[in-house]
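Worth knowing before you read on, the calculation uses all heavy atoms, side chains too, and leaves out hydrogens, waters and symmetry mates. Just so it is clear: chains get the letters A, B, ... in the order the sequence lines come, proteins before strands, and each one is counted from 1.
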There are 2 protein chains.
Amino acid sequence: MTLTIVALKDAPRPPKKHRVDTIVESARKVFCASGFEKGSIENIAKVAGIAEGTIYRYFESKRSLLEEVVRRHYDLFFDDIQKSLASIESPSNRLRYLIHRTLLLILEDRGMCRLRTLYRLLENNELPSLARNQNLRMADMMAHEIKSGMKDGSFRSDTSPSIVCYMIGGALELTEFSYVQTGTAIDADETTESIWQTIHGGISSKDATEESLARLIERLTQVTDRLDPA
Amino acid sequence: MTLTIVALKDAPRPPKKHRVDTIVESARKVFCASGFEKGSIENIAKVAGIAEGTIYRYFESKRSLLEEVVRRHYDLFFDDIQKSLASIESPSNRLRYLIHRTLLLILEDRGMCRLRTLYRLLENNELPSLARNQNLRMADMMAHEIKSGMKDGSFRSDTSPSIVCYMIGGALELTEFSYVQTGTAIDADETTESIWQTIHGGISSKDATEESLARLIERLTQVTDRLDPA
DNA sequence: TGCTTAAAATGAATCACATTCATTCTTTTG
DNA sequence: CAAAAGAATGAATGTGATTCATTTTAAGCA
């Protein structure tokens with residue numbers, strides 16, 4: 001018995017450099033599997049193969065551990081998306097790409113979505129932290145495209161970019177929420193198209209305009225016919 | 001001393017009928033003041049003037065107490081809004097009314113907003129409960145108006161009502177969220193108008209259509225002039 | 001009105017966790 | 001190699017929800 005213990009004790013301590021990564025990765029697993037409240041520090045420590053106290057050497061609190069888990073996951077995504085954006089032509093297409101890409105991200109990892117959504121709320125009455133900034137990052141990218149579109153004339157300039165962002169972001173979030181809750185699959189392409197159509201052209205029937213145009217054309221034709229009875 | 005105690009003991013127990021109401025009302029106060037996590041059962045009991053254990057005679061858990069607080073608050077609102085809706089003409093106006101009214105509700109009580117928003121998440125992996133239904137109630141009302149509008153021809157019928165709902169609902173939610181977080185006042189009228197404009201007409205520039213029309217009219221005028229050189 | 005029993009209320013005890021900290025191991029340094 | 005510094009440990013602490021044996025009140029009945 002003692003032998004075993006000694007053997008364990010003599011095993012070299014794992015490289016410190018990876019200690020944080022191990023903790024974050026374990027936390028991710030545990031949080032995704034059990035949620036934030038039910039995912040205990042005890043369990044995270046067990047999965048990481050370390051003592052509970054050790055976690056507190058690297059993280060202020062359970063919540064800041066959650067923060068890091070979420071941050072790592074989404075930072076990658078945002079960096080990548082921003083890179084892709086550069087090669088897409090026109091604000092319209094870039095906006096549509098942002099919508100589509102976000103939906104794909106949502107579908108990719110339901111567990112992380114739940115955490116992220118929760119996280120936003122827990123952050124409540126604290127200083128404007130990383131969290132805040134991160135949540136705003138997508139909104140910023142969208143707002144940027146909307147403003148570009150306004151400048152180059154492809155979008156109306158009498159709308160509020162931030163409200164338009166809210167509408168897109170909100171639609172994505174509710175779609176996410178519904179997916180997280182029910183687990184019912186989402187068709188990313190179709191949903192992108194729906195959101196885009198509405199944002200792009202609104203929901204009002206074009207009938208009125210079209211009718212007027214049709215009438216105008218009809219009349220013009222009559223006139224032309226009369227002028228030019230060839 | 002004994003006298004005092006005896007006197008207290010002899011005081012008639014408050015009518016049971018109101019016991020639940022007292023608890024819920026105390027919980028509302030405490031939760032709104034301190035938030036859900038920091039609002040302790042101990043404190044709620046103190047405010048209600050009863051023992052902690054008593055609360056558990058009426059409520060399963062702290063969370064179900066929160067549920068009841070939120071439910072009571074919003075059921076009133078929904079009932080009222082639904083009544084008002086009946087006297088408004090046209091789906092467009094009713095939809096706009098729903099947006100406006102929701103914004104007013106948000107502004108009315110920041111504390112409750114925070115609770116409701118939190119509540120949605122906590123409910124996570126549980127049975128489809130009251131909560132769910134309640135959250136869907138506003139969406140249902142909106143979807144109903146959108147469908148009506150499609151039928152009577154005032155809205156395009158090639159959009160998805162649920163996505164449009166998500167967009168409106170999402171915009172409201174993010175507005176709410178931003179308000180809850182920052183406390184920065186919102187202009188309900190202006191915000192309503194912005195959301196409505198975008199939903200109604202989209203963000204695309206009407207320039208193309210307008211230009212064609214203008215050209216058409218110009219040409220028609222020329223023709224007319226030639227026909228009728230007075 | 002007094003007696004008996006069921007229902008309600010109580011609050012001290014329990015339990016589940018996050019967080020702390022005195023102690024024990026490891027590594028580094030001189 | 002010894003001493004000092006840095007890490008890791010896990011038992012102890014603190015907080016707060018939840019339980020439950022006991023006490024108090026209300027209701028039914030003579």
Polar contact flag, side-chain donor to acceptor under 3.5 angstrom, A:S90-A:S92: no

Ion pair B:R63/B:E67, N-O distance below 4.0 Å: no

Side-chain ion pair, B:K46 and B:E52, N-O less than 4.0 Å: no

Whole-Å gap separating P (C:dA18) and CD (A:E42): 8 Å

Ion pair B:D79/B:R137, N-O distance below 4.0 Å: yes

Candidate nucleotides D:dA8, D:dA17, C:dA9, ranked by approach to the side chain of B:K62 - the nearest: D:dA17

Distance test, side-chain N/O of B:Y58 to OP1/OP2 of C:dA8, below 4.0 Å: no

For atom CZ of A:R63 and atom P of C:dC17, their distance in whole Å: 17 Å

Gap between atoms CD1 and P, on A:I55 and C:dC21 respectively (whole Å): 18 Å

Length of the line joining B:L65:CG and D:dT18:C1', which is rounded to integer Å: 14 Å

Protein-nucleotide distance (A:I41, atom CD1; D:dA11, atom P), rounded to Å: 17 Å

Residue B:Y56, side-chain heavy atoms: nucleotide from D:dT19, C:dA9, C:dT19 that is nearest: D:dT19

Whole angstrom value for the distance that separates P of C:dT19 from CD of A:E60: 9 Å

Short side-chain donor-acceptor distance under 3.5 Å, A:T184 and A:Y179: no

Selected nucleotide, minimal atom distance to B:T54 side chain, candidates C:dA9, C:dA18, D:dT18: C:dA9

Of the listed nucleotides C:dT19, D:dA17, C:dA9, the one nearest the side chain of B:S40: D:dA17

N or O in side chain of A:R57 less than 4.0 angstrom from C:dT20 OP1/OP2: no

Over 12 foreign heavy atoms within 6.0 Å of NE2, A:H144: no

d(CD, B:E37; P, C:dC17) in whole Å: 15 Å

Flag for A:S84-A:Y97: side-chain donor and acceptor within less than 3.5 Å: yes

Those residues of residues 43-52 of chain B lying under 4.0 Å from DNA chain D by at least one heavy atom: B:E52

